[in-house]
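Some notes on the structure that comes next.
We name chains A, B, ... by the order of the sequence lines, and we start the count at 1 in each one.
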There are 2 protein chains.
Amino acid sequence: MPEVRIDDHADASQERLEDATRLLREYLAGLGLKQSAQRDAILRIFLATRGHLSTEELHRLVKEHDATIGYTTVYRALKLFAECGLAAEVEFHDGVIRYEHRLNRRNHHHMVCTVCGDSVEFFSPEVEAIEHSIGEQFGYATTRHSFQIYGTCHACQIKQKEKSSAS
Amino acid sequence: MPEVRIDDHADASQERLEDATRLLREYLAGLGLKQSAQRDAILRIFLATRGHLSTEELHRLVKEHDATIGYTTVYRALKLFAECGLAAEVEFHDGVIRYEHRLNRRNHHHMVCTVCGDSVEFFSPEVEAIEHSIGEQFGYATTRHSFQIYGTCHACQIKQKEKSSAS
DNA sequence: ATTGCTGCAAACGATTTGCATGAGG
DNA sequence: CCTCATGCAAATCGTTTGCAGCAAT
């Protein structure tokens, strides 16, 4: 299980939270939707994470702060965040939808260890160029792409070597 | 709905089928598993397709040939094909697992229209290079990657334009 | 007041498994 | 014969929805 880290650099986080809250409110107002204390709480906790959370994982974190908030509310909040660009779906292709927040985050991709589930982020500007060039070539108006690398992380490679030499 | 095309270039297909059948038999034998008429039939029909089939779609094709073959058998056959390298999972991120066969197919990626679901295949050797370079950089032994581009195909762009100018 | 939000529970849909029966080695 | 494969039905599991009551505008 990859660990979920909480980011507590007070100053930068604070600013980020305010930006995000403002963005969310504007988005809601524009669609005639309403604010709620639950959404604010979920957003705050979501932004304080790094990494890639399933609805269930975020719900667990949220419950630690307010046990009355239900799974469905977290589920719908994440959809909302994704709609207004605060969150992006991350595709690890393990049957679970994960989200990461997109505030002050450079465009990046993920490499996932298929043994322990850990992941690292990497930057690869070429990939953006490929998206545009292929889109143009086939007459597609491209909106996004999905790129992941799968393999075995260094730690798991060592464990596997130990296991095989022991047997 | 993307259409499933049947490839009936008799000569090349025939050869391909024999290679694949041999590969499958060797794989089964190596694990102490057994051949069956159902698996042969499913493999034959699977190889005659192009594109990306869900279990259900392949089951539908298989039933046209032999209505007694059940969904579960097709499901398990596809897993088997994937294990022995005859098939690869294709990830379109729509909640359905799709497979494509991997005989005589260059490494390729997919660009998917998010409006009509159609897709085109493209080749991008740079992506392989990125996989290796990033893997090396972070100490991962990489095994594969997943790369898709999403957007709107030419036909759907036209339809959208017509719709918006009509309103 | 009206309309959206919440939280529960139930529905959903694809995938996966248990089991009795049938077939391959 | 023994083991695996099959096909049905049921279980699973994350996601999604319906609804009654609550809260925001």
Do the rings of Phe122(A) and His109(A) sit parallel, tilted or perpendicular, given the 30° and 60° boundaries?
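Ring orientation, 0 to 90° scale: tilted.
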Lys79(A) side chain N/O closer than 4.0 Å to the phosphate oxygens (OP1, OP2) of dT15(D)?
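Indeed not, no polar side-chain atom of Lys79(A) lies that close.
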Using distance only, find each side-chain donor-acceptor pair of residues 71-89 of chain A under 3.5 Å and give its atom names and separation, not counting sequence neighbours.
residue  : atom : partner  : partner atom : Å
Glu83(A) : OE1  : Tyr27(A) : OH           : 2.6
Glu89(A) : OE1  : His93(B) : NE2          : 3.2

Any side-chain donor paired with an acceptor under 3.5 Å for Glu56(B) and Ser54(B)?
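The criterion, which ignores hydrogens and geometry beyond distance, is not satisfied for Ser54(B) and Glu56(B).
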In whole angstrom, what separates [X]'s [atom1] from [N]'s [atom2]?
X	N	atom1	atom2	value
Glu57(B)	dA14(C)	CD	C1'	13 Å
Tyr99(B)	dA14(C)	OH	C1'	11 Å
Ile97(A)	dT15(D)	CD1	P	5 Å
Asp66(B)	dG7(D)	CG	C1'	12 Å
Glu89(B)	dT15(C)	CD	C1'	11 Å
Lys63(B)	dG7(D)	NZ	P	12 Å
Asp40(A)	dA24(D)	CG	P	11 Å
Asp94(A)	dT16(C)	CG	P	12 Å

Can you pull every protein N or O that's under 3.5 Å from an N or O on nucleotides 4-13 of chain C?
residue : atom : partner  : partner atom : Å
dG4(C)  : O4'  : Lys34(A) : NZ           : 3.3
dC5(C)  : OP1  : Lys34(A) : N            : 3.2
dC5(C)  : OP1  : Arg39(A) : NH1          : 2.8
dC5(C)  : OP1  : Arg39(A) : NH2          : 3.0
dT6(C)  : OP1  : Ser36(A) : OG           : 2.6
dT6(C)  : O3'  : Gln38(A) : NE2          : 3.3
dG7(C)  : OP1  : Thr68(A) : O            : 2.8
dG7(C)  : OP2  : Gly70(A) : N            : 3.1
dG7(C)  : OP2  : Thr73(A) : OG1          : 2.4
dG7(C)  : N7   : Arg76(A) : NH2          : 3.3
dG7(C)  : O6   : Arg76(A) : NH2          : 2.7
dC8(C)  : N4   : Thr72(A) : OG1          : 3.3

By salt bridge (charged side-chain N to carboxylate O under 4.0 Å, His left out), which residues pair with Arg144(A), not counting sequence neighbours?
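By the salt bridge (charged side-chain N to carboxylate O under 4.0 Å, His left out) rule, Arg144(A) matches Glu91(A).
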Please name the pair of heavy atoms, one in Cys113(A) and one in Tyr140(B), separated by the smallest distance, quoted to 0.1 Å.
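Minimum heavy-atom contact is N-CE2, 3.6 Å.
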Distance flag, aromatic centroids of Tyr150(B) and His145(A), threshold under 6.0 Å:
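Between His145(A) and Tyr150(B), the centre distance exceeds or equals 6.0 Å.
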